[in-house]
Number of protein chains: 2
Amino acid sequence: MKDVAAAAGVSLKTVSRVVNGEANVNETLRTAVLESIAELGFRPNAGARGLRQGRSGTVGLLLEDVADPFYSILSRAVEEVAREHGTMVFAGSSAEDPARERELALAFCERRVDGLIVVPAGASHSYLLPEMRAGIPVVFVDRPPGDIEADMVLTDNTGGTRRGVDHLLAHGHRRIGFIGDAPEIYTAGERLRGYREALESAGIDFSDELVTQAPPNPESTAAALDRLLAGPSPATALLCGNSRTTVSVLRELARREASLALVGFDDLELGDLLQPGLTVVAQDPAAMGAAAARLLFQRITGGPPGDAAGDASGPTQTITIGTRLIARGSGEIPPP
Amino acid sequence: MKDVAAAAGVSLKTVSRVVNGEANVNETLRTAVLESIAELGFRPNAGARGLRQGRSGTVGLLLEDVADPFYSILSRAVEEVAREHGTMVFAGSSAEDPARERELALAFCERRVDGLIVVPAGASHSYLLPEMRAGIPVVFVDRPPGDIEADMVLTDNTGGTRRGVDHLLAHGHRRIGFIGDAPEIYTAGERLRGYREALESAGIDFSDELVTQAPPNPESTAAALDRLLAGPSPATALLCGNSRTTVSVLRELARREASLALVGFDDLELGDLLQPGLTVVAQDPAAMGAAAARLLFQRITGGPPGDAAGDASGPTQTITIGTRLIARGSGEIPPP
DNA sequence: CCGTTGCCTGACAACGTTGTCAATCGGGTT
DNA sequence: AACCCGATTGACAACGTTGTCAGGCAACGG
């Protein structure tokens, strides 16, 4: 910038004014400065600007895994909203490791991100309190934070599984199994709750042997299927609590050449091409990402105090995103 | 940092020394400083450090679409390598729009990224020349840059389609169709070349009516299928030039209840669950991302001059990543 | 003619950090 | 006793930008 000023024969400050499009700069000088800028290939240093102004034009996005379709779609939605605010996105994968989550979050904070969107991996997030007090807004997505209060964007997990079970009930099933993720996982618990509620509303007793809560690996899923299909009155339908479980179940069913009514939670890319098509309770990761980003930027921009939606320090908000049942065949198989 | 220094009763510089783990600091003082840091919740400002040191600990990753599985896997691989170097990744989606690509790339440069990994959308990249001359290394992935010379990481596209065609030939096919992306796209051209070469090696005449080059939307794919399956000697096998085309073809075949031998280029998540399983020429996006990132960090770190692999200003390198044929059924259907 | 106003410009400090250099101190060397 | 050495510490400038403030100038009203 010093060079540009010298080349254009003006002061540093005038170059700064031109770069920032401030009013009250003589048109001749402005042109001269712009020419020098082009000639020298000058590009303002966002870091230095951030240092002076206190804003980096940067947000951090902390996911379980950038490569997971659910999160990558969410990520893209965040990016789009950030773009509207002239902000770039740091993305990082926690790999479900609380230590790594923390390490990444603090690394983002060292980069002085203007805000943080976090899919919690660990159970404790009090390590973020100092940062939040220092003025970095944080929005949690998909799962609530462990031990602090903050804005959240969640899926209507309970309503989703309720809808899935209702769908199976409507097709005549009474023995409906559920295979969900480990009970420590927030979403797993919520989804199980929806399953129970739906059965209860239908006046059907909850039976333990129809429910499995385990990590979604092939082995435990196969074992869960064994349990479901064994015994005198086996399950005729199954609700899968997450997409990895759904995939494992599909593989296992294909291997056994077995079939039963199936509804998955969370959509799969090629669900319509399977035989039969996969019926799912679809989440809307793009809506979640967009909602989280909007919430975050409201906090960053900081509306007038008192305006609940805009006040940077207002009470925390929770946004719940609904689910959509997509019937493609597998969920409409009647009981034998 | 000033506050920490005051609290610990030392100078700014001593705090800096402790933060950076420099030698020659009295153990007592070091402890005192660390205590003050913890107490005040001090976190060093990476922007200011970058300003002084000339390194931001940041790289930019410019993709077509963060949400696309191919790129999101690539992205994760880049993140892992960056992590080893204590570097965070800015990710951005160009949406195949050259203007947006440029805008994002320059925004990254304003943030003073230490390097740039780019999947080119546009045909011209000379706009990056000033930045590269200013010392920002750039590595291109998946496609070569338009009009500049730089490091690249590419898939062996030609070898991949050759392998796919060979596979179909080995299963007895002689009328093998090819539906690829528009000819402007680099990878589409390379893949078509592999198709031609494989046919040539087998002594089979290339026939125009078996080849379509068009954007991978459902309509043009359906039209292409029409052409392939019409006429006196229709195609008995088909090689799809990219995964979106593959999906369109699968949908269209399902709709028509038709079937033919099919090999896709680029793997699909649930390819093994389809009936029949989808045979593909799989790319390795993780390997591409890792290779690109390693190349980039070699340039950033800047090995000894003369060391081709490490010299920051050495000659450009091109790394080619091989493909893998995964037979799952659809490519092993014999001709009627 | 003079004070006022509005426009335009530049000098300077400050943002938070680190590299450079000088200063101090205890101890060993000649 | 004079000297040198290494270890330890701090003062200060610099990185590239912008906010603050003051100064200069022309037009304007009185």
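Here the structure is a predicted model, which means the values were calculated and not measured. The basis for the numbers below is simple: all heavy atoms, side chains too, and nothing from hydrogens, waters or symmetry mates. Convention: sequence-line order gives letters A, B, ...; per-chain numbering from 1.
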Just the rounded figure in Å: distance from C1' of D:dT17 to CD of B:Glu110. 12 Å
Going by an N to O cut-off under 4.0 Å, is there a salt bridge joining A:Glu184 and A:Arg143? no
Separation of C:dT9 P from A:Glu22 CD (nearest whole Å): 12 Å
Of B:Thr14 and B:Leu51, whose nearest nucleotide on DNA chain D comes first from the 5' end? B:Thr14
Touch class at under 4.0 angstrom, heavy-atom based, for B:Val10 against every strand present: sugar-phosphate
Nearest whole Å is fine: how far is D:dG10 C1' from B:Lys2 NZ? 16 Å
Is it the case that the base of D:dG16 and the side chain of B:Arg112 share a donor-acceptor contact (distance under 3.5 Å, atom types as modelled)? no
Short N-O contact, B:Glu80 and B:Arg76, less than 4.0 angstrom: yes
Rounded off to whole Å, could you give me the CZ-to-C1' distance for the B:Arg30 and D:dT8 pair? 12 Å
Any N/O donor-acceptor pair, B:Arg49 side-chain to C:dT17 base, under 3.5 Å: no
Name the nucleic acid region contacted by A:Val25, choosing base, sugar-phosphate or nothing; use a 4.0 angstrom heavy-atom cut-off, strictly under. sugar-phosphate
Is any side-chain N or O of A:Ser16 closer than 4.0 Å to OP1 or OP2 of D:dT18? yes
Between A:Glu190 and A:Asn157, is there a donor-acceptor pair closer than 3.5 Å when you use the side chain of the first and the backbone of the second? no
Side chain of B:Arg52, heavy atoms from C-beta onward: which of D:dT8, C:dT9, C:dG19 has the nearest atom to it? C:dG19
Between P of C:dC15 and CG of B:Asn45, the distance in whole Å: 12 Å
For the side chain of B:Lys13, starting at C-beta, report the closest nucleotide among C:dG16, C:dT20, D:dG19. C:dT20
Sugar-phosphate, base or nothing in reach of B:Arg55, heavy atoms under 4.0 Å: nothing
In whole angstrom, what separates B:Glu27's CD from D:dA7's C1'? 14 Å
Closest-nucleotide ordering on DNA chain C, the 5'-leading residue of A:Asn24 and B:Asn20: A:Asn24
Just the rounded figure in Å: distance from P of C:dC12 to CG of A:Leu12. 12 Å
Sidechain-backbone polar pair: A:Ser93 side chain, A:Val66 backbone, donor-acceptor under 3.5 Å: yes
Here the distance between atom P of C:dC15 and atom CZ of B:Arg43, to the nearest Å, is 21 Å
Classify the side chain of A:Arg17 and the base of D:dG19 as holding, or not holding, a donor-acceptor pair under 3.5 Å. no
Under 4.0 Å from OP1 or OP2 of D:dG19: is there any side-chain N or O of A:Gln53 that close? yes
Against the side chain of B:Leu29, the closest entry in D:dT18, D:dT9, C:dA11 is D:dT9
Is there a side-chain contact between B:His125 and B:Phe140 (heavy atoms, below 4.5 Å)? yes
Is any side-chain heavy atom of A:Leu116 less than 4.5 Å from a side-chain heavy atom of A:Leu62? no
